[in-house]
Amino acid sequence: MTNPIKKLPKIIKTERLEMRQLDVTPDNAKIVFDAVKNENPADFYYNPIGNTNIIPATVEEMLKQMQVEAKHTTDNGVNYYIFHDGNLIGYRRLFFHDDATKTLQMSAVWLVRTAWGHGFARETSDAVERIAFDTLGANRITRQCSADNIRSANSIRSSGFHLDGIARQGGVYSDNKLYDNMMWSKLKSEYNK
């Protein structure tokens, strides 16, 4: 049986954004690489764009990272690249656990620095909530962030998510430093209010 998340549209439009599923091709890797190549790696400490390097150093490295991302979502996930005015500004990964819990997990997310502070993360989050609860039949949505990532924690909290707990040293940064992982959720009953 195919996980229902695999039936999501290739493009999701919001008021200002398009979230697109991109095929893993050299041309698409170049689009992503061109969007991030001049970014400051320090801005992506909490959400690295690359695997080996926080920001991939070449188009080829970006292509390999996209291949890794695609493998992560083979069975129950999907990757969306976020565009504003035709320009790539970010990325969001989703997983749907089609079991008794009917949980959609909003996983990795990043936005280029110029897209910070414009409400784009919230706009994509709201769109994903509508799809999760109204189309996929989700019962809950989960999100996570490191306890020291204040921007993400504030964004998640302001989106109406409940802090379920903190897993002490439950995550690891790309530099192998352990961090406390905040776990958040929103239930369908809370969304309906």
Side-chain angles (χ1 to χ4, degrees), residues 3 5-96 104-128 131 143-146 148-153 155-156 171-177 179 181:
N3 190 297
I5 200 167
K6 294 300 184 184
K7 297 177 183 175
L8 288 178
K10 291 285 188 186
I11 297 175
I12 297 171
K13 293 184 180 185
T14 68
E15 185 178 325
R16 302 176 293 167
L17 306 172
E18 277 191 7
M19 298 168 56
R20 302 178 195 164
Q21 295 180 39
L22 296 180
D23 293 328
V24 180
T25 67
D27 288 342
N28 285 335
K30 182 167 180 4
I31 290 170
V32 180
F33 177 74
D34 286 346
V36 302
K37 66 183 177 186
N38 295 321
E39 294 293 305
N40 180 353
D43 289 339
F44 297 92
Y45 181 69
Y46 299 118
N47 296 300
I49 295 168
N51 218 356
T52 307
N53 298 310
I54 286 181
I55 295 177
T58 65
V59 173
E60 292 75 22
E61 191 179 326
M62 186 74 251
L63 180 62
K64 286 180 185 173
Q65 178 59 24
M66 289 178 75
Q67 291 167 340
V68 168
E69 294 291 336
K71 285 181 184 174
H72 282 316
T73 58
T74 299
D75 295 326
N76 66 337
V78 66
N79 301 313
Y80 279 104
Y81 293 83
I82 305 163
F83 289 80
H84 177 256
D85 290 337
N87 299 309
L88 186 130
I89 62 164
Y91 168 86
R92 185 176 286 281
R93 183 187 321 138
L94 310 172
F95 291 98
F96 188 69
L104 182 121
Q105 178 185 351
M106 285 194 220
S107 189
V109 63
W110 54 260
L111 293 172
V112 296
R113 183 77 162 104
T114 56
W116 293 7
H118 297 280
F120 294 141
R122 175 72 180 264
E123 192 169 325
T124 62
S125 175
D126 290 349
V128 169
I131 289 167
R143 296 176 72 179
Q144 297 180 23
C145 70
S146 61
D148 57 343
N149 187 348
I150 304 303
R151 286 181 58 248
S152 284
S155 174
I156 294 168
V172 61
Y173 292 125
S174 57
D175 62 3
N176 293 319
K177 179 184 171 191
Y179 63 83
N181 194 31

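These figures come from a predicted structure and were not determined experimentally. Residue numbers run from 1 in the order of the sequence given.
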(message) Tell me every residue that passes side chain to side chain donor-acceptor pair (under 3.5 Å) with S146, counting only those two or more places apart in sequence or in another chain.
(response) D148, Y173
(message) Quick test of your reading: applying ring-ring contact (aromatic ring centres under 6.0 Å, His included), list the pairs with at least one residue in residues 55-82, sequence neighbours left out, ordered by first then second residue.
(response) Y81-Y91
(request) Rounded to the nearest 0.5 Å, what's the gap from OG1 on T25 to CG on L63? Could you check? (result) 7.5 Å
(message) I need the full list of salt bridge (Lys or Arg N to Asp or Glu O under 4.0 Å) pairs touching residues 38-51, with sequence neighbours left out, sorted by first then second residue.
(response) D43-R113
(request) Please confirm whether the backbone N or O of I5 pairs with a side-chain atom of N3, one donor and one acceptor, at under 3.5 Å? (result) yes
(request) Please list, chain by chain and in numerical order, all residues satisfying side chain to side chain donor-acceptor pair (under 3.5 Å) with N38, sequence neighbours excluded. (result) none
(message) Can you list everything that forms a ring-ring contact (aromatic ring centres under 6.0 Å, His included) with F95? Sequence neighbours excluded, please.
(response) none
(message) What's the separation between atom CD1 in I156 and atom CZ in R143, rounded to the nearest 0.5 Å?
(response) 4.5 Å
(request) Working to the nearest 0.5 Å, report the span between CD1 of I82 and CG of N87. (result) 13.5 Å
(request) For residues I49 and Q65, report the shortest heavy-atom separation together with the two atoms involved. (result) O-CG, 3.3 Å
(request) Please name all residues satisfying salt bridge (Lys or Arg N to Asp or Glu O under 4.0 Å) with K6, sequence neighbours left out, ordered by chain then number. (result) none
(message) Quick check: do I31 and N28 have side-chain heavy atoms less than 4.5 Å from each other?
(response) yes
(request) Sequence neighbours left out, what passes side chain to side chain contact (heavy atoms under 4.5 Å, CB included) with A35? Give chain and number order. (result) L88
(request) Indicate yes or no: at least one non-hydrogen side-chain atom of N47 is less than 4.5 angstrom from one of N149. (result) yes
(request) Check salt bridge (Lys or Arg N to Asp or Glu O under 4.0 Å) between R122 and all other residues, then give those that pass, not counting sequence neighbours. (result) D126
(request) State whether the side chain of N51 and the backbone N or O of V68 hold a donor-acceptor pair below 3.5 Å, judged by distance alone. (result) no
Please set out all donor-acceptor pairs under 3.5 angstrom arising from side-chain atoms of residues 7-15, sequence neighbours excluded.
residue: T14; atom: OG1; partner: L17; partner atom: N; Å: 3.0
residue: T14; atom: OG1; partner: L17; partner atom: O; Å: 3.4
residue: T14; atom: OG1; partner: E123; partner atom: OE2; Å: 2.5

(request) Please name all residues satisfying salt bridge (Lys or Arg N to Asp or Glu O under 4.0 Å) with R20, sequence neighbours left out, ordered by chain then number. (result) E18
(request) Please name all residues satisfying salt bridge (Lys or Arg N to Asp or Glu O under 4.0 Å) with K177, sequence neighbours left out, ordered by chain then number. (result) none
(message) Quick check: do N76 and F96 have side-chain heavy atoms less than 4.5 Å from each other?
(response) no
(request) Could I get the full list of side chain to side chain donor-acceptor pair (under 3.5 Å) partners for N53, not counting sequence neighbours? (result) E61
(message) Using side-chain heavy atoms (C-beta onward) and a distance below 4.5 Å, is S125 in contact with R92?
(response) yes
(request) Identify which one of M62, K37, K64 satisfies the side-chain contact (heavy atoms from CB on, under 4.5 Å) criterion when paired with P56. (result) M62
(request) Find out whether V78 and T73 are in side-chain contact, i.e. whether some heavy atom of one side chain is under 4.5 Å from a heavy atom of the other. (result) no
